[in-house]
Participant: 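First the structure, then my questions, so here it is.
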Amino acid sequence: MSLIKDLKNFWNFIWHGTSIYSYVAFFIFAIVVLNVVYPLFLFLLSHTVGINDVVAVVTGSMVHDTSVSQTYYAYMQELGFTPQQLQSFPHNNGLNMGDLLLVWKKKPEEIKVGDVIVFKMQDYLIIHRVIKIDVVDGEYYYTTKGDHNPGSIASEINITYDRVKGVAGNRIPFLGIPKMLLTNFLGAVRNVL
């Protein structure tokens, strides 16, 4: 019974403590969870139900705000997409910062135009919408664009399948906020150093 009481006290200290020690303990706890528990959890998910990753939306590149009428709807219609096609796309209202996404592994031919994919760009994962697919000698190449962005950048053109983690499936609002805050914090520290 003492172990349960100790765990409750630790949990309250991390989540409700206001001292510098509780903040430090929270960051250490978060780092341990992200580097030990999370990979184990992900391994189990990928080998049981097919979830390849769980990611948080940490930028505004998929946000639908007042500019989306030009950056997404007008842009996509210039490419030949109809409003009905755009409404049928997954996550047709975009994604918000702090959303948590379950990423499902798909075969190259199962990824469709309009899907939101997660792919590797250097040391980062990018979450953007597929706007074009080319197949050359049986190899798939994807071009993506963030709904909020004015266009595709060079690193979003001809993305090879080996860089694709999967397709964004289930969206859980707000659960990605801790990862978003930690990512932004670590990015700020990296920029200072």
Side-chain angles (χ1 to χ4, degrees), residues 34-35 38-64 67-97 99-172 176 179-180 183 187 190:
L34 289 174
N35 290 302
Y38 174 71
L40 178 61
F41 175 68
L42 192 57
F43 176 81
L44 292 172
L45 285 177
S46 68
H47 287 82
T48 55
V49 295
I51 294 174
N52 198 38
D53 207 344
V54 179
V55 298
V57 178
V58 298
T59 70
S61 66
M62 289 295 293
V63 170
H64 283 209
S67 67
V68 80
S69 60
Q70 287 302 313
T71 63
Y72 179 60
Y73 293 107
Y75 183 92
M76 296 295 276
Q77 287 178 17
E78 285 176 17
L79 292 178
F81 293 96
T82 67
Q84 293 79 15
Q85 286 175 303
L86 298 178
Q87 288 303 312
S88 71
F89 286 167
H91 306 291
N92 62 356
N93 291 319
L95 300 167
N96 296 315
M97 291 177 64
D99 286 349
L100 192 73
L101 299 171
L102 302 182
V103 180
W104 298 86
K105 188 68 175 172
K106 300 281 185 179
K107 294 177 183 172
E109 64 274 9
E110 294 175 330
I111 299 172
K112 306 293 181 213
V113 169
D115 284 345
V116 176
I117 63 170
V118 177
F119 64 95
K120 294 176 267 185
M121 186 188 317
Q122 297 165 348
D123 294 335
Y124 301 98
L125 290 178
I126 306 296
I127 305 167
H128 282 174
R129 188 176 307 280
V130 175
I131 61 170
K132 181 181 172 194
I133 299 174
D134 292 309
V135 182
V136 179
D137 296 328
E139 298 293 323
Y140 283 75
Y141 298 91
Y142 309 95
T143 297
T144 69
K145 177 188 154 332
D147 291 357
H148 190 265
N149 298 348
S152 298
I153 59 174
S155 56
E156 293 182 277
I157 298 170
N158 293 328
I159 298 162
T160 54
Y161 177 72
D162 62 324
R163 291 177 48 204
V164 176
K165 296 279 288 179
V167 174
N170 309 74
R171 170 184 166 260
I172 307 166
K179 184 170 183 187
M180 179 188 73
T183 300
R190 209 176 298 152

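Everything numeric here is computed off the predicted structure, so don't read it as measured data.
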Participant: Could you measure the distance from the CG atom of D53 to the CG atom of L102? Nearest 0.5 Å is fine.
Facilitator: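 Going from CG on D53 over to CG on L102, the span is 9.5 Å.
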
Participant: Take L100 and V54 through the side-chain contact (heavy atoms from CB on, under 4.5 Å) test and state the conclusion after the steps.
Facilitator: CA-CA 7 Å; L100 192 73; V54 179; 3.7 Å; yes

Participant: Which heavy atom of P108 sits nearest a heavy atom of Y140, and at what distance?
Facilitator: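 For P108 versus Y140, the nearest heavy atoms are CB-CD1, 3.5 Å.
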
Participant: With distance as the sole test, does T71 use its side chain to make a donor-acceptor pair with the main-chain N or O of P150 at under 3.5 Å?
Facilitator: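 Absent.
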
Participant: To the nearest 0.5 angstrom, please state how far the CE atom of M62 sits from the NE2 atom of H91.
Facilitator: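 Here the rounded value is 8.0 Å.
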
Participant: How far does CG of L86 sit from CG of L79, to the nearest 0.5 angstrom?
Facilitator: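 CG of L79 is found 9.5 Å from CG of L86.
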
Participant: Mind checking the CD1-CD spacing from I133 to E109? Nearest 0.5 Å is all I need.
Facilitator: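 Between atom CD1 of I133 and atom CD of E109 there are 10.5 Å.
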
Participant: Knowing that exactly one of K145, H148, E156 qualifies, which makes a side chain to side chain donor-acceptor pair (under 3.5 Å) with H128?
Facilitator: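 The side chain to side chain donor-acceptor pair (under 3.5 Å) with H128 is passed solely by E156 among K145, H148, E156.
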
Participant: I need the minimum non-hydrogen distance between I131 and S152, along with the two atoms involved.
Facilitator: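 Looking at all heavy atoms of both residues, the shortest contact is CD1-OG, 3.6 Å.
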
Participant: For L101 and A168, work out which heavy atoms get closest and say how close.
Facilitator: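 Smallest heavy-atom distance, with atoms named: CD1-CB, 3.9 Å.
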
Participant: Does a side-chain heavy-atom distance below 4.5 Å link N170 with W104?
Facilitator: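 A side-chain contact under 4.5 Å exists here.
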
Participant: With side-chain contact (heavy atoms from CB on, under 4.5 Å) as the test, would you mind laying out the steps for I159 and M121 before giving the verdict?
Facilitator: CA-CA 9 Å; I159 298 162; M121 186 188 317; over 6 Å; no

Participant: Of all heavy-atom pairs between I117 and V130, which one has the smallest distance, and what is that distance?
Facilitator: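 Between these two residues, the closest heavy atoms are CG2-CG2, 3.6 Å.
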
Participant: Given I111 and V164, is the side-chain contact (heavy atoms from CB on, under 4.5 Å) satisfied, shown in steps?
Facilitator: CA-CA 10 Å; I111 299 172; V164 176; 4.0 Å; yes

Participant: Where do Y141 and T160 land on the side-chain contact (heavy atoms from CB on, under 4.5 Å) test, with the steps shown first?
Facilitator: CA-CA 5 Å; Y141 298 91; T160 54; 3.6 Å; yes

Participant: Against F119, only a single residue in I127, D162, T144, L125 fulfils side chain to side chain contact (heavy atoms under 4.5 Å, CB included); can you say which?
Facilitator: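 That would be T144; it is the only one of I127, D162, T144, L125 passing the side chain to side chain contact (heavy atoms under 4.5 Å, CB included) with F119.
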
Participant: Between Y72 and V63 (side chain of the first, backbone of the second, donor and acceptor by atom type, cut-off under 3.5 Å), is there such a pair?
Facilitator: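 No.
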
Participant: Counting only heavy atoms not in K105 (residues, nucleotides, ligands), do more than 12 fall under 6.0 Å from its NZ?
Facilitator: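 More than 12 within 6.0 Å, yes.
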
Participant: With rounding to the nearest 0.5 angstrom, report the OG1 to OH distance, T59 to Y124.
Facilitator: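 OH of Y124 is found 12.0 Å from OG1 of T59.
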
Participant: Would the distance check show the side chain of H64 and the main-chain N or O of S69 forming a donor-acceptor pair, the cut-off being under 3.5 Å?
Facilitator: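 Not a single qualifying donor-acceptor pair exists.
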
Participant: Between F81 and F89, is the gap from one ring center to the other below 6.0 Å?
Facilitator: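 Close enough - the centres of the two rings lie under 6.0 Å apart.
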
Participant: With rounding to the nearest 0.5 Å, note down the distance linking CD1 in I157 to NZ in K132.
Facilitator: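 Spacing of CD1 (I157) from NZ (K132) equals 8.0 Å.
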
Participant: Identify the two heavy atoms, one from P90 and one from G114, that lie closest to each other, and give their separation to 0.1 Å.
Facilitator: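 Reported closest heavy-atom pair: CD-O, 3.6 Å.
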
Participant: Is there a side-chain contact between V113 and Q85, using heavy atoms and a 4.5 Å cut-off?
Facilitator: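 No, side chains not in contact.
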
